[in-house]
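Just so it is clear: chains get the letters A, B, ... in the order the sequence lines come, proteins before strands, and each one is counted from 1.
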Number of protein chains: 2
Amino acid sequence: MPDPTARRAPDPSTRDPSSHDPGTHDPGSREHVTLADVAARAGVSPMTVSRVVNERPGVGDATRARVRDAVAALGYRPNVVARSLKRSRSHTLGLLVPDVTNPYFPDLVRGAEDVAFEAGYTLLLHNVIEDAEREAAALALFEERRVDGVIAASPRLPEDRLHAHLARHGAAVVVNRRAPAALAGSVRVDHEAGAEAALHHLVRGGARTLGLLAGPATSHAGRERRHGVARALDATGATLPDTRIVEGPPTIPGGEAAARDLLTRHPDVDGLVCFNDLVAAGALRAAAALGRRVPDDIAVVGYDDIAFAAMFTPALTTLRVPTYAMGGHAMRMLLDRMDGRRRDVGIVVQPELVIRDSTRPEEDRA
Amino acid sequence: MPDPTARRAPDPSTRDPSSHDPGTHDPGSREHVTLADVAARAGVSPMTVSRVVNERPGVGDATRARVRDAVAALGYRPNVVARSLKRSRSHTLGLLVPDVTNPYFPDLVRGAEDVAFEAGYTLLLHNVIEDAEREAAALALFEERRVDGVIAASPRLPEDRLHAHLARHGAAVVVNRRAPAALAGSVRVDHEAGAEAALHHLVRGGARTLGLLAGPATSHAGRERRHGVARALDATGATLPDTRIVEGPPTIPGGEAAARDLLTRHPDVDGLVCFNDLVAAGALRAAAALGRRVPDDIAVVGYDDIAFAAMFTPALTTLRVPTYAMGGHAMRMLLDRMDGRRRDVGIVVQPELVIRDSTRPEEDRA
DNA sequence: CCGGAAGACGTTAGCGTTACCGTTCCGACA
DNA sequence: TGTCGGAACGGTAACGCTAACGTCTTCCGG
């Protein structure tokens, strides 16, 4: 937490007078042109200028032109802060994301932003680095800034705290998590089905001694995938005891460390289900470092199908998730909810298994 | 542009009465608690509440405690919009970025955000997808929202237009571009030196017939790298005529298309300098598709050293750029400029050549 | 020629907060 | 006892904008 008393605005009346440069006046603290300035210049009332600026009716053509000229001449830009206060709508949306450094999220951000931009909204972005406290802080900040709505991607907060925050927002959508329809819409991937598909594919390729790099314990998506894995396990002859499940950060180093740990403790593991493609990338590295050949000694499945998955060595088998589209869906759902239309309580998208070179082909006899 | 008249706020007085759930009151359109509400509850004036909320002196301990209780009881959150209007400082910063989908930028964003968060600022993010018009629109939007400062990463706008926009902001920093110190600070990479290093490395590895995948024509970084290449060329026996320079989008498909084009027109090219690692990744793909072995038939150098560069096949030789640190530098510089301290007019960081497997080792006799 | 409707504009009053200046009150000190 | 400094508060007026309503034209049918 930054100390709010530590940083104070410099007193404008005591600015260093030695730094005045002649010619143009101090570019640091521009005075902003206001509606009233424009009104004075155009010889009309501020209200008329407001009408012109907001393209509302009730202004004659001649006056409208005069106002437009004045706006251009003075370089007037409406003050959205004042407008927001008056209308009590900020035209700003909050977007909470664990970490844009994970290539899964930029696509989501872009999908959301493209739709928001189209609708005339601006985004406040917060990376929350897998930290529940920072997540709560971000949600509170969004509220103080009076955003018109929030999208929380993969929130890690426990149910009660998350719900409390969501309830304080006019509209909300969560991604990769469920939420009561009254509080928030939901866009999520059928992670259980995805994990099941991954596991079946591994087993059909001949893997019997499986391992799971489960990602962060706080991840809901991770939990759902574990359920999927457990469910699929029953139908196969493969084994995956808890000792071969290892958690860790959803990053390349995290995956590398987890895989190294698992593979030294259980050298006989021949199939690896990974939390996401980054963890899988780390696993690939660890396998290489430990001298295991992929997929011959050990098969690896990732999750997300980030753009780079195809560039790995070997090219990664993974589950494709339509991330960009999900961002768009989430944003459209949010806009709908802001309008009071809150029909779609949830969207569930199906991941698609993309088979590349990090797993063995499925055996016919299976 | 979205039609501003198309979207109207729902009339709260005509809310659907069938959706009232007993117990908690309607979570969709919360009424916000104001300072005055707290003041009434605590039996003091709004001004006193303001003092408590802002941790200013002039309030007795007993009163302070009473106010704090009222704040907690009512769940009061200050309205930052109103505060911004009054103080004419929004505590919001604008961050303009070409495309977070390019892994170069998330690190920059994170570096900037971490510093901003520490200082109590929130970020407005705009992806501008290599489009000068969207860039101008974003800068204008930032201005309307009265951000306290702007960071423009890799802006594509021509000088005059960029300067005009920067001048309208109280404080600004540009990344990967120069700017007059009066208008903006600057954090950039010595791209000339980087390109030179790349070229020398290729030549020392035996490459003689070089090609350049130059990225977008509008990129300043790209232009500087071209200068570096040209300068280095003089000192070597290698050749790189304009016909072997091909431009294109800074993405994997863009690089693949460019490389395919170049390699079919000039099958004898044996060394490739790429705009960034994404373009290099595309080139790697194209080379594989065309049956060229890397690095034996053709050596490839990327730029940026994104996290995945080491995972490519072959692992990519590239120039490491300290992206996260640059984001932090840019933000600190911005905060300094906002405070009126604008000493550091520019930071130039040196890229570092990271030699991996996509280039041949340097020959001793060179 | 008049009533009246419609369009074109101005006036007023805040939105929630804080800067600035007053007021009150209490204790210290001559 | 007087008064004087300071701490602890309250009152007032904006910040820039716009909803709501008022006023003044203009113009048309009857």
Using a strict heavy-atom distance below 4.0 Å, which residues from residues 58-68 of chain A are in contact with DNA chain C? A:Gly58, A:Val59, A:Gly60, A:Thr63
With sequence neighbours excluded, what pairs up with A:Arg156 under the side-chain hydrogen bond (donor to acceptor under 3.5 Å, both in side chains) test? A:Glu130
Five pairs per end, C1' atoms only: what is the angle between the end axes of the helix from C:dC1-D:dG30 to C:dA30-D:dT1, to 10 degrees? 60°
Check whether any side-chain N or O of B:Thr122 sits under 3.5 Å from a backbone N or O of B:Thr92 as a donor-acceptor pair, and report yes or no. no
Checking B:Leu93 against B:Val150 for the side-chain contact (heavy atoms from CB on, under 4.5 Å) test, could you report, in this order, the C-alpha distance in whole Å, the side-chain angles of both residues, the deciding distance, and whether it holds? CA-CA 6 Å; B:Leu93 268 17; B:Val150 183; over 6 Å; no
Which residue pairs satisfy the ring-ring contact (aromatic ring centres under 6.0 Å, His included) criterion with at least one member in residues 43-67 of chain B, sequence neighbours excluded? none
Does the distance from a Lys or Arg side-chain N to an Asp or Glu carboxylate O, for B:Glu144 and B:Arg168, drop under 4.0 Å? no
Applying ring-ring contact (aromatic ring centres under 6.0 Å, His included) as the test, list every pair that has at least one member in residues 37-80 of chain B; sequence neighbours left out. none
Protein within reach of the bases, or only the backbone? For nucleotides 12-21 of chain C, mark each nucleotide 5' to 3' as B, S or -, using heavy atoms under 4.0 Å. --BBBBBBB-
With a strict under 4.0 Å distance from non-hydrogen atoms of chain B, what nucleotide opens and what nucleotide closes the contacted stretch of DNA chain D, reading 5' to 3'? D:dA8 to D:dG16
List in chain and number order the residues that pass salt bridge (charged side-chain N to carboxylate O under 4.0 Å, His left out) with A:Asp131, two or more places apart in sequence or in another chain; answer none if no residue qualifies. none
cation_pi(B:Arg134, A:Phe117) dist<6.0 Å, angle<=45: yes
Got a sec, which residues hit side-chain hydrogen bond (donor to acceptor under 3.5 Å, both in side chains) with B:Ser154, two or more places apart in sequence or on another chain? none
Who passes side chain to side chain contact (heavy atoms under 4.5 Å, CB included) against B:Ser84, sequence neighbours left out? A:Val81, B:Val80, B:Ser90
Could you list the donor-acceptor pairs under 3.5 angstrom formed between side-chain atoms of residues 42-49 of chain A and any protein atom two or more places apart in sequence or on another chain?
from	atom 1	to	atom 2	distance (Å)
A:Ser45	OG	A:Met47	N	3.2
A:Ser45	OG	A:Thr48	N	3.3
A:Ser45	OG	A:Thr48	OG1	3.4

If the condition is side-chain hydrogen bond (donor to acceptor under 3.5 Å, both in side chains), which residues does A:Arg64 pass it with, not counting sequence neighbours? none
Which part of the nucleic acid, if any, lies within contact of B:Val81, taking any heavy atom under 4.0 Å across all strands shown: a base, the sugar-phosphate backbone alone, or nothing? nothing
